[in-house]
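Accompanying notes for the structure given below.
Order of appearance sets the numbers: ligands from 1, and atoms from 1 within every ligand. Only this structure's heavy atoms are used, side chains among them; waters, hydrogens and symmetry mates stay out.
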Amino acid sequence: MSELVQLTRQGPVAIITINNPPVNALSPGVIEGLAERLRQAQAEAGVDAVVVIGAGRTFVAGVDIKEFQRITSGEAPRTDGLLALLPAIESCSKPVVMAIHGNAFGGGLELALAGHYRVAAADAQVGQPEVKLGLIPGAGGTQRLPRLAGVAKALEMCATGNPVSVPEALRAGIIDRVIEGDLLAGAVAFAREVAGKPAVKARDRAGKLGTPQSNAPIFAAAREVAHKKQRGWKAPLAAIELVEAATHLPFEKGLKLEQACFRECLFSEQSKALIHVFFGEREVGKIPDVPKDTPALPVNSVAVVGAGTMGGGIAMVFANAGIPVLLREVDQAALDRGLAGIRKNYATSVERGRFPQQFVDQRLRLITPTLSFDGLAGVDMVVEAVFESMALKKEVFTQLDRVCRPDAILASNTSTLSIDEIASATSRPEAVIGTHFFSPANVMRLLEIVRGQATSRQTIASCMQLAKKLGKVGVLVGNCRGFVGNRMFHPYRREAQFLVEEGATVETVDQALYDFGMAMGPLATGDLAGLDVGWRIRKEHRHLAKPGVRQPLAEDRLCEMGRYGQKTGAGWYRYDEKRRALPDPGVNQMVHKWAAEAGIAQRQIPPEEILDRCIYALVNEGARILEEGIALRAVDIDIIYLNGYGFPAYRGGPMWYADTVGLPKVYERIREFRERHGEQWEPAPLLKQLAESGGTFASFSKPQSAAA
Ligand code: NAI
């Protein structure tokens with residue numbers, strides 16, 4: 001018999017213990033073990049009640065997600081062991097008490113819902129997080145939960161996937177008692193109390209299912225929230241529909257519907273993409289030549305140089321993680337401005353109820369303003385965030401090299417400049433690295449960690465570890481102009497502008513990308529970041545432009561007119577006092593006129609072309625980045641795009657998306673664009689190779705990359 005599930009006794013109470021470390025996932029063997037132990041407990045004389053508990057740090061954290069991949073890839077058949085087990089638990093003649101500590105998530109909560117009672121440790125959590133993987137609860141969660149917790153709570157849990165604390169679960173009726181102290185002892189005592197008393201199964205309860213009248217506004221509100229907050233996601237809407245079904249269908253019929261829906265979700269592109277993202281977030285932490293045991297320097301104190309847009313946000317990120325920060329500026333006015341910005345950001349968070357004023361006060365106390373470099377001598381790490389100028393950055397790094405401890409990490413937040421050149425201003429290039437935060441730094445999850453030629457493994461390991469401590473997803477990238485994210489963003493935005501110059505409108509271009517699922521269209525994104533940023537860079541690098549290769553003309557002209565975007569109240573759009581974008585027909589007319597004067601033919605452009613040109617521009621550049629080893633794996637690019645550029649998670653990232661479209665199709669389309677639009681569309685050699693050999697980006701790996 002499987003040792004994954006054990007049976008012991010304490011007087012009249014049988015104790016079934018699930019022991020499948022690390023998280024007691026319902027992997028093969030566990031469900032069979034549970035079924036067998038339950039049969040034994042039921043048959044055993046003298047047993048009046050049963051307790052089911054998890055060994056180790058948690059109850060059951062869910063079904064093994066790898067199992068889903070094995071099913072969809074055809075490697076393993078779908079077993080419905082859990083579906084068969086749950087009614088067996090419900091119909092057990094002796095009351096079954098589920099004892100929860102740690103997490104009861106997904107299948108774990110569904111298992112618990114089948115018990116006649118649930119008791120829990122006060123710090124445990126319960127949840128149905130399936131929607132985050134593009135799935136719905138597939139073992140009765142959408143049917144039992146509303147019967148136990150009521151429609152509103154079940155909707156919230158099944159459609160958002162967010163966990164619920166035990167006190168909240170107690171109020172909702174999911175948990176029957178909170179156990180202080182030893183969980184097993186408390187569960188056994190509870191089991192003794194309920195032994196011999198009739199127990200009501202969740203499936204037979206109807207008191208909380210509401211009426212059509214009372215439910216209608218609840219479902220309407222849930223759908224509205226799903227459309228707004230999970231735009232484009234299919235699973236949340238499916239979960240809502242199933243909870244709604246629970247209110248008017250008999251239990252067994254509801255279960256059947258849930259089953260059909262679960263299967264549909266499991267095989268959907270969205271779920272496959274979201275599972276790819278789930279594993280991708282773990283994968284990006286693995287760096288072939290920087291193993292997990294590489295000694296890392298603990299970062300317990302930092303300095304941020306520059307208190308502008310980024311420096312201020314970065315200081316908040318450190319303070320939020322409890323790390324004291326010295327914030328250095330050139331003069332008092334700049335320092336005051338920076339601190340005022342930080343205070344304003346925190347005040348908005350308090351207003352929105354994100355955290356209490358007392359937290360903010362604690363965090364602000366961790367930020368010490370300074371005008372001098374002297375205090376920097378003691379810190380473990382410095383992040384430089386001064387203006388994007390190589391001369392200035394070198395000057396700052398020379399200073400840092402002089403004052404900082406020999407083992408301190410010197411990081412730059414540059415978005416385009418060479419880490420190697422910056423490192424050359426110091427006597428310790430091995431300690432120099434790029435930490436490219438995204439704007440707003442205190443909100444965006446992405447941290448591109450840029451490895452220079454000389455950056456040591458210890459420095460890399462320290463920054464990867466630091467990213468976790470800061471609550472960021474750290475992705476290691478190689479050193480090149482724009483690194484991964486901005487290097488790909490450049491051709492993406494170039495195509496968006498070309499499309500308007502060829503006759504599309506600003507609104508149709510942005511709408512096509514928004515409908516695809518991007519958080520914002522490419523032109524609106526330009527307005528948000530400031531069109532003048534790119535304009536300045538282009539002016540500086542104009543001499544590097546390849547003659548004969550088409551360059552966008554519209555943004556430079558808009559900048560010449562003072563239209564820098566949101567900050568000046570106008571760019572591609574006009575902005576009202578609340579910074580809401582309003583279409584500006586004058587811009588379309590102007591751009592079409594400039595383009596026609598420059599000899600660019602005007603035509604109607606279908607939305608598919610808008611989408612393909614923008615997204616495939618990302619993919620083609622991504623393929624070059626992958627081939628050059630600037631990104632370690634295609635999934636690293638995907639994670640960068642999901643966390644830094646608003647790419648829809650349910651499409652898995654640009655490289656995954658290209659794989660799902662099929663690389664031969666993508667390659668053909670890019671060849672077509674090459675013929676029609678010129679050499680900026682030259683297909684990346686890796687794309688050609690993979691398209692012709694039947695490969696995918698996901699399966700391509702270049703050993704020892706993300707190096708300079
Ligand atoms: P900013 O112009 O808002 O701030 C720069 C600050 O640096 C100013 O307050 C200035 O007084 C200060 N400064 C200049 N020299 C200094 C010195 N020697 N010591 C201390 N402070 C000094 O610039 P922003 O936007 O914060 O950019 C900073 C860096 O972050 C740049 O390298 C930029 O490329 C990069 N970055 C910017 C992003 C953005 O969206 N703004 C996104 C990601 C990276």
So, are E281 and R445 salt-bridged, with charged N and O less than 4.0 Å apart?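 Salt bridge present between E281 and R445.
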Would you tell me which option among [options] has the nearest heavy-atom contact to [atom]?
atom	options	result
atom 29 (C) of ligand 1	L392, I537, V386	V386
atom 32 (O) of ligand 1	E388, E448, R328	E388
atom 36 (N) of ligand 1	T435, L371, N413	N413

Please find the pair of heavy atoms, one from V477 and one from V484, that lie closest to each other, and give the distance.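 Smallest heavy-atom distance, with atoms named: CG1-CG2, 3.5 Å.
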Contact summary for F483 and I625, nearest pair of heavy atoms: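 Shortest heavy-atom contact: O-CD1, 4.1 Å.
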Qualifying residues under side-chain contact (heavy atoms from CB on, under 4.5 Å), relative to K132, sequence neighbours excluded: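 Here the qualifying residues are N162.
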Would you say N479's side chain and G452's backbone share a donor-acceptor pair under 3.5 angstrom?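 No, N479 side chain to G452 backbone: no donor-acceptor pair under 3.5 Å.
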With atoms numbered from 1 as shown, which atoms in ligand 1 lie under 4.0 angstrom from a non-hydrogen atom of [X]?
X	result
V396	18 (N)
S415	33 (C), 34 (O), 35 (C), 36 (N), 44 (C)
T414	32 (O)
K393	31 (C), 32 (O)

Using a distance threshold of 4.0 Å (strictly less than), state whether atom 23 (O) of ligand 1 has a protein heavy-atom neighbour.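 Under the 4.0 Å cut-off, atom 23 (O) of ligand 1 has no protein heavy-atom neighbours at all.
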Heavy atom of [X], distance to ligand 1 below 4.0 Å:
X	result
A385	yes
F387	yes
R337	no
H436	yes

Any cation-pi pair here, R363 with F355, using under 6.0 Å and within 45°?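 Pair R363/F355 counts as cation-pi.
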Do Y564 and D527 have side-chain N/O donor and acceptor atoms under 3.5 Å apart?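 No donor-acceptor contact under 3.5 Å links the two side chains.
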Could you tell me whether M310 and ligand 1 have an N or O pair separated by under 3.5 Å?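 Looking only at distances, the answer is yes, because the N/O contact criterion of under 3.5 Å is met.
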Hey, what's the ring geometry for Y645 with F489, parallel, tilted or perpendicular (30° and 60° as the breaks)?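 Ring orientation of Y645 relative to F489: tilted.
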Are F516 and Y657, when compared by the centres of their aromatic rings, separated by less than 6.0 Å?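 Yes; Y657 has its ring centre under 6.0 Å from that of F516.
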